[in-house]
Amino acid sequence: MTNETKNGATAEVTRTTGNSASLLLRGVKKTYADVRAVDGLDLEVARGECFGLLGPNGAGKTTTIEICEGLTAPDEGTVELLGLNWLSNANELRQRIGIQLQETQFPDKLTVEETLRMFRSFFRRGISVDESIKTAQLEEKRKSRIGGLSGGQKQRLAMATALVGDPELLFLDEPTTGLDPQARRHLWDSVDELKHAGRTIILTTHYMDEAERLCDRVAIMDHGKVIALGTPQQLIASVGGEDIVEFAVVGQGTEQGTVDAAMLTAIPGVQSHRVDAGLHQLAVSEPHTVVPRIFTALTEHGLHLSEFRTHSATLEDVFVRLTGRNLRDE
């Protein structure tokens, strides 16, 4: 494909290199002052895969993405994109990847159309400006200046600029931040189309439902290392139960939340217990048989339910269990 495509979201990618991996990291390290932001990271992302990189603030995922994008040089290790590297093939890589930053600053005086025309001029090949505008659903804002756009509209424009070069490898850093639910779903559909067209996507997000919905595999990072890697379904299964039971109790003369954990984990079918913001959370198997046992055990200990609900285990359950709930600074 050397000419403009009629539909950037569905155009088939035909360029290939000898390496089957779109992204390959081996032993990557990066230190700032006394902080090891990335600590011997190994990752491999296959062609056509949507790969999620997740982690709490300060986990090292932003530094990792910046190293992959060529914005930051690693202290040690190997980084390959599409079988190429930034030291020897920077110009070629810039033609073959797309990047949507977490915050993109555009000149306020340019219009949407002028901005996309400018970005399109950077690439030897790509999709048309008209198609870019249509993909971002910005037809009504074509002649509007950037300074007058809402935050969500600027986010959609950033996505359009990342796609205008018809990239084989696409980096999306928190792409749905600031989007309303409708625009968020539209972006999800766009990512699905890009995946089906054989493109590789590296996604960072704090929305666990987004990662669960879009990603073929995810890596959860903490303290510069990957602490979990697999498909969303594999990681969810690692929680230790197929379902989560959540409840709060009030007992006579008993403070809420002082349930004996040993009593709960002794119930057949209960696999683990934790307390989260006053709610007891149990990972369970076969909830239809376990729930009556929970009711009986609480009643026998003089405890009464004030809240009770069940749900299937999610990627968020995995994330919280592995990384904890304490907030951190970047």
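Computed from a prediction, not measured in an experiment: that's the story for all the values here.
Side-chain contact between Val45 and Leu25: absent, with no pair of heavy atoms (C-beta onward) separated by less than 4.5 Å. When side chains are defined from C-beta on, Val28 does not count as touching Thr64, because their heavy atoms never get closer than 4.5 Å. Leu169 is not listed as a side-chain neighbour of Leu93, based on a closest heavy-atom distance of 4.5 Å or more. Proximity of Asp317 to Ile236: side-chain heavy atoms (C-beta onward) are nowhere separated by under 4.5 Å. The closest side-chain heavy-atom distance from Thr310 to Ile244 is not below 4.5 Å. Arg47 has its side chain within reach of Leu82: a pair of non-hydrogen atoms, C-beta onward, lies under 4.5 Å apart. Within the 4.5 Å cutoff, the side chain of Arg274 has heavy atoms near those of the Val320 side chain. Between Phe171 and Ile65 there is a side-chain heavy-atom pair separated by less than 4.5 Å.
In this structure, Arg26 places its CZ atom where more than 12 heavy-atom neighbours from other residues, nucleotides or ligands lie under 6.0 Å away. Dense packing is recorded around NZ of Lys154, with more than 12 heavy atoms of other residues, nucleotides or ligands lying under 6.0 Å away. When the shell of 6.0 Å around CD of Glu139 is examined, it contains more than 12 heavy atoms from other residues, nucleotides or ligands. Counted within 6.0 Å of CZ on Arg142, heavy atoms from surrounding residues, nucleotides or ligands total more than 12; the atom is thus considered enclosed.
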Exercise for the section: Please test Asp243 against His311 for side-chain contact (heavy atoms from CB on, under 4.5 Å), starting from the C-alpha separation and ending with a verdict. Expected result: CA-CA 6 Å; Asp243 292 87; His311 65 84; over 6 Å; no
Handout entry: side-chain contact (heavy atoms from CB on, under 4.5 Å) assessment of Leu203 paired with Phe51
Key = CA-CA 6 Å; Leu203 172 74; Phe51 187 88; over 6 Å; no
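Put simply, the side chain of Asn85 gets close to the backbone of Ser88: a donor and an acceptor are under 3.5 Å apart. Counting only distance, with no hydrogens or angles, the side chain of Lys61 and the backbone of Gly55 share a donor-acceptor pair below 3.5 Å. Panel note: side chain Lys30, backbone Glu76; no donor-acceptor pair is recorded below 3.5 Å. Formation of a donor-acceptor pair under 3.5 Å by the Arg124 side chain with backbone atoms of Gln95 is not found in this model.
Annotation: ring-ring contact (aromatic ring centres under 6.0 Å, His included) contacts of His186 (sequence neighbours excluded): none. Residues satisfying the salt bridge (Lys or Arg N to Asp or Glu O under 4.0 Å) criterion with Arg184, sequence neighbours excluded, are Asp209, Glu210. Annotation: side chain to side chain donor-acceptor pair (under 3.5 Å) contacts of Gln100 (sequence neighbours excluded): none.
There is no side-chain donor-acceptor pair under 3.5 Å between Thr231 and Arg217. In the model, His273 has no side-chain atom that pairs as donor or acceptor with a side-chain atom of Gln281 under 3.5 Å.
Here the straight-line distance linking atom CG of Leu157 with atom OG of Ser132 works out to 9.5 Å at 0.5 Å rounding.
Using the six-membered ring where Trp is involved, Phe106 and Phe119 have ring planes that are perpendicular, over 60° apart on the 30 and 60° scheme.
Under the side chain to side chain donor-acceptor pair (under 3.5 Å) rule, Asp173 has a single partner from Thr205, Thr104, Thr62, Thr204, which is Thr204.
Taking 4.0 Å as the cut-off between side-chain N and carboxylate O, Glu316 and Arg321 do not count as a salt-bridged pair. Under a 4.0 Å N-O distance rule, the pair Lys29/Asp75 does not qualify as a salt bridge. Using a cutoff of 4.0 Å between basic side-chain nitrogens and carboxylate oxygens, Arg213 and Asp192 are scored as salt-bridged. With salt bridges taken as basic N to acidic carboxylate O contacts below 4.0 Å, one links Lys143 and Glu113.
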